[in-house]
Amino acid sequence: MVQVLVRNLEDQVKAKLERRAKRHGRSMEEEIREILRDAAKKEVPSRKGLGTKIARLFRRSGLTAGEEITE
């Protein structure tokens, strides 16, 4: 297991975390672990870049890599 140290946390944030932990019947440390677990579960996959989107659009047109477009 790793340890994480959070510096310069505002007093108001700490107080809210303490109240939230108390409502859930947990220590503040366990409450923070649960918040982090939930955040990690909700992580969205990385989005495709613009180049990937453009390539997908032009793939339908029948163009392939290295072809030149002439008018």
Electrostatic pair Glu10-Lys14, nearest N-O below 4.0 angstrom: no

Glu30: which residues meet the salt bridge (charged side-chain N to carboxylate O under 4.0 Å, His left out) condition with it, sequence neighbours left out? Arg33, Arg37

For Ala21 and Ser27, the nearest pair of non-hydrogen atoms, with its separation, is CB-O, 3.6 Å

Distance col, row His24:NE2 vs Glu31:CD, nearest 0.5 angstrom, shows 5.5 Å

Taken to the nearest 0.5 Å, the spacing of Leu9 CG from Ile32 CD1 works out to 7.0 Å

Mark yes when over 12 heavy atoms from residues, nucleotides or ligands other than Asp38 sit less than 6.0 Å from its CG; otherwise mark no. yes

Under 4.5 Å between any side-chain heavy atoms of [X] and [Y], yes or no?
X: Ile35; Y: Leu17; answer: yes
X: Met28; Y: Lys22; answer: no
X: Leu5; Y: Arg7; answer: yes

